[in-house]
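Below is one structure, written out as structure tokens; comments come after it.
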2 protein chains.
Amino acid sequence: MSNSSYFPLGNSISEQIYLTLKREIIAGELPPGTRLIVLDIAGKFQVSQAPVREALERMKQEGLINGIPNKGSVVSNITSKEIRDIFVLREIIEGYAVRTTMPTLLEDDYEQLEMIIRSMEEAVGRNDTLGILELDMDFHGFFYKRCDNQAILELWNHMRTKVMRFMAISNRHHTTDLLAEWHRRLITVLQTGDGDAAEEAFIEHMHAYKFIHMD
Amino acid sequence: MSNSSYFPLGNSISEQIYLTLKREIIAGELPPGTRLIVLDIAGKFQVSQAPVREALERMKQEGLINGIPNKGSVVSNITSKEIRDIFVLREIIEGYAVRTTMPTLLEDDYEQLEMIIRSMEEAVGRNDTLGILELDMDFHGFFYKRCDNQAILELWNHMRTKVMRFMAISNRHHTTDLLAEWHRRLITVLQTGDGDAAEEAFIEHMHAYKFIHMD
DNA sequence: TGGAAACAGATTATCGATAATCGATAATCA
DNA sequence: TGATTATCGATTATCGATAATCTGTTTCCA
């Protein structure tokens, strides 16, 4: 029936709703604490409750929202403790990812990374904050993907949404200019071939980024 | 309505279904490849489709089942590659967990660990395979819990179901006798206070366990 | 006046039924 | 015959409505 919509991509209705809400939460348009009422959302999307419930269930699983039984769903808050926890985990895993993939990097890979950085500069040019963020995630995600380890890749996808939310919400637009150059320096370290140095550089990079955004 | 049931714990109907199916999958009663048909399950539990769908959605998110759009759900298979990936990740994280929590362990903690091992011996005595597995997970989970890091704890819970499935399915009952003693040896190493040695011992332990179960 | 009990409003949780989709098989025709 | 289309059975995806639950408020009585 009601397929009269102008929605973003996605196959099923529930997936469209899921993607839409997720994007809005990550972008901060639905700030923490916002109540998500099934009937309201169903009305807004002109659908029934079932697909909305399914979308909410997925987001609950992902930690994007908190569900209290018989009470409803609320966009989850991000505490600084939570961010610290995520970054501790990220440092462990990304350290491993960089250390192990570094020896396998070829000219092509460096070009790909350089491409991401150039796109980043363009995004900075047009003040596309969310775009910058996504490219930042692409850069780091590159190493997780190269691990040839599905479990690690899934973990990264999970961490990524949390990191993105955190950065999108806390972003004060005061580091974006440096970002591209910052990442170029990481490439330089990688090219020296010193695994320990590379791992350390990435961890330091994450540290700096975390603290800048946490005050 | 239909609350005439004899089900395990859990608040909502959907949660009861979720817990029941999850246990059956982990225990191998629902082997990989088993089709999970919404109406069949709803009929078996004497409920409507909605709570079944919600339970399936959660399991899909967890990787316990694979869902093909408009086609249905199937209990997911576990490839040896997947197991290898999980164990690589587990070694990284558990190594960290053991190394960092070791210096904080007190007499009480060692007693708690010893208690788990004694329960394990009892479970071995009554051939309670699933019980042994759960206690094994409790032992290792102890260190994840002590990290004071929600992200790491959640990751462990996620890995745990996969590890348990793998072990339950591939279990040939030929190592259970050694298990308790094996873990006692880990405690001994912990008590020496040598972090590197402890981390190494745990990783070696996981290696051995993995290979025994993988042929 | 204080507190249990009943009520009301809002929202979720569940229900039973309909619509849409998929894969396979049968029918049609060049 | 060989390829395309129509039909069918099985199952999911979605729907609209009802039942259950929670929170806050009012009522009522000792």
Side-chain angles (χ1 to χ4, degrees), chain A residues 1-22 24-25 30 32-76, chain B residues 1-22 24-25 30 32-76:
Chain A
M1 43 113 357
S2 66
N3 220 357
S4 55
S5 326
Y6 48 89
F7 285 136
L9 315 92
N11 304 317
S12 61
I13 295 179
S14 73
E15 178 138 20
Q16 293 171 352
I17 295 174
Y18 165 72
L19 290 172
T20 305
L21 291 180
K22 179 172 177 176
E24 289 179 357
I25 291 177
L30 294 172
T34 306
R35 292 195 61 188
L36 296 180
I37 290 151
V38 176
L39 277 172
D40 289 359
I41 297 169
K44 198 173 306 184
F45 283 83
Q46 292 290 327
V47 299
S48 94
Q49 303 147 28
V52 176
R53 294 192 125 275
E54 187 174 330
L56 292 182
E57 180 60 38
R58 283 177 74 176
M59 293 195 291
K60 192 173 349 181
Q61 230 59 28
E62 239 174 321
L64 285 166
I65 63 179
N66 291 130
I68 300 136
N70 298 314
K71 182 80 190 301
S73 303
V74 174
V75 177
S76 63
Chain B
M1 42 92 23
S2 65
N3 220 355
S4 55
S5 326
Y6 49 89
F7 285 136
L9 313 93
N11 305 316
S12 62
I13 293 178
S14 73
E15 177 137 21
Q16 293 171 354
I17 296 173
Y18 166 72
L19 290 173
T20 304
L21 292 179
K22 179 172 177 175
E24 290 179 357
I25 290 178
L30 294 172
T34 307
R35 290 195 62 187
L36 296 180
I37 291 151
V38 175
L39 276 172
D40 289 359
I41 298 170
K44 198 172 306 185
F45 283 84
Q46 293 289 327
V47 298
S48 93
Q49 304 147 27
V52 176
R53 295 194 125 273
E54 187 173 330
L56 291 182
E57 179 60 39
R58 282 176 73 175
M59 293 195 290
K60 192 174 345 181
Q61 231 59 29
E62 238 173 323
L64 286 166
I65 63 179
N66 291 131
I68 301 135
N70 297 314
K71 182 79 190 305
S73 303
V74 174
V75 177
S76 63

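A note on names: the letters A, B, ... follow the listed sequences, proteins ahead of strands, and every chain is numbered from 1. Side chains included, hydrogens not; waters and symmetry mates left out as well; all remaining heavy atoms used.
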Any residue of residues 49-66 of chain A with a heavy atom less than 4.0 Å from an atom of DNA chain D: A:Q49, A:A50, A:P51

Rounded distance (Å) that lies between atom P of D:dG16 and atom CG of A:L39: 11 Å

query: Listed by chain and number, what are the side chain to side chain contact (heavy atoms under 4.5 Å, CB included) partners of A:Q61, not counting sequence neighbours?
result: A:E57, B:R58, B:Q61

Rounded interatomic separation in angstrom, taking CG from A:L36 and P from C:dA10: 19 Å

query: How would you list, by chain and number, every residue that makes a side-chain hydrogen bond (donor to acceptor under 3.5 Å, both in side chains) with B:E62, sequence neighbours excluded?
result: B:Y18, B:K22

Please list every donor-acceptor pair under 3.5 Å in which a side-chain atom of residues 67-76 of chain B meets a protein atom from a residue at least two apart or in another chain.
residue, atom, partner, partner atom, Å
B:S76, OG, B:G63, O, 2.9
B:S76, OG, B:L64, O, 2.9
B:S76, OG, B:R165, NH1, 3.0

query: Could you state the OH-C1' distance from A:Y18 to D:dT14, rounded to the nearest angstrom?
result: 20 Å

message: Expressed as a whole number of angstroms, how long is the span from B:I13:CD1 to D:dA19:P?
response: 14 Å

query: For B:P51 and B:V47, which heavy atoms make the closest approach, and how far apart are they?
result: CG-CG2, 4.1 Å

task: For B:I37, enumerate each residue passing the side chain to side chain contact (heavy atoms under 4.5 Å, CB included) test, keeping only those at least two apart in sequence or located in another chain.
output: B:R35, B:D40

task: With heavy atoms under 4.0 Å as the rule, sort B:I68 into base, sugar-phosphate or nothing.
output: nothing

message: Can you confirm whether B:I25 sits close enough to B:I65 that some side-chain heavy atom of one is under 4.5 Å from a side-chain heavy atom of the other?
response: yes

query: Got B:I41 and B:L21 here, is their nearest side-chain heavy-atom distance under 4.5 Å?
result: yes

- prompt: To the nearest angstrom, how far is A:I37 atom CD1 from C:dA13 atom P?
  reply: 13 Å

For nucleotides 21-24 of chain D, which of its nitrogen or oxygen atoms have a protein nitrogen or oxygen under 3.5 Å away, and what is each distance?
residue, atom, partner, partner atom, Å
D:dT21, O3', A:N70, ND2, 3.2

Counterpart residues, salt bridge (Lys or Arg N to Asp or Glu O under 4.0 Å), relative to A:R53 (two or more places apart): B:E54

- prompt: Where the side chain of B:S48 is defined as all heavy atoms beyond and including C-beta, which of C:dG16, C:dT12, D:dT11 is the nearest nucleotide?
  reply: C:dG16

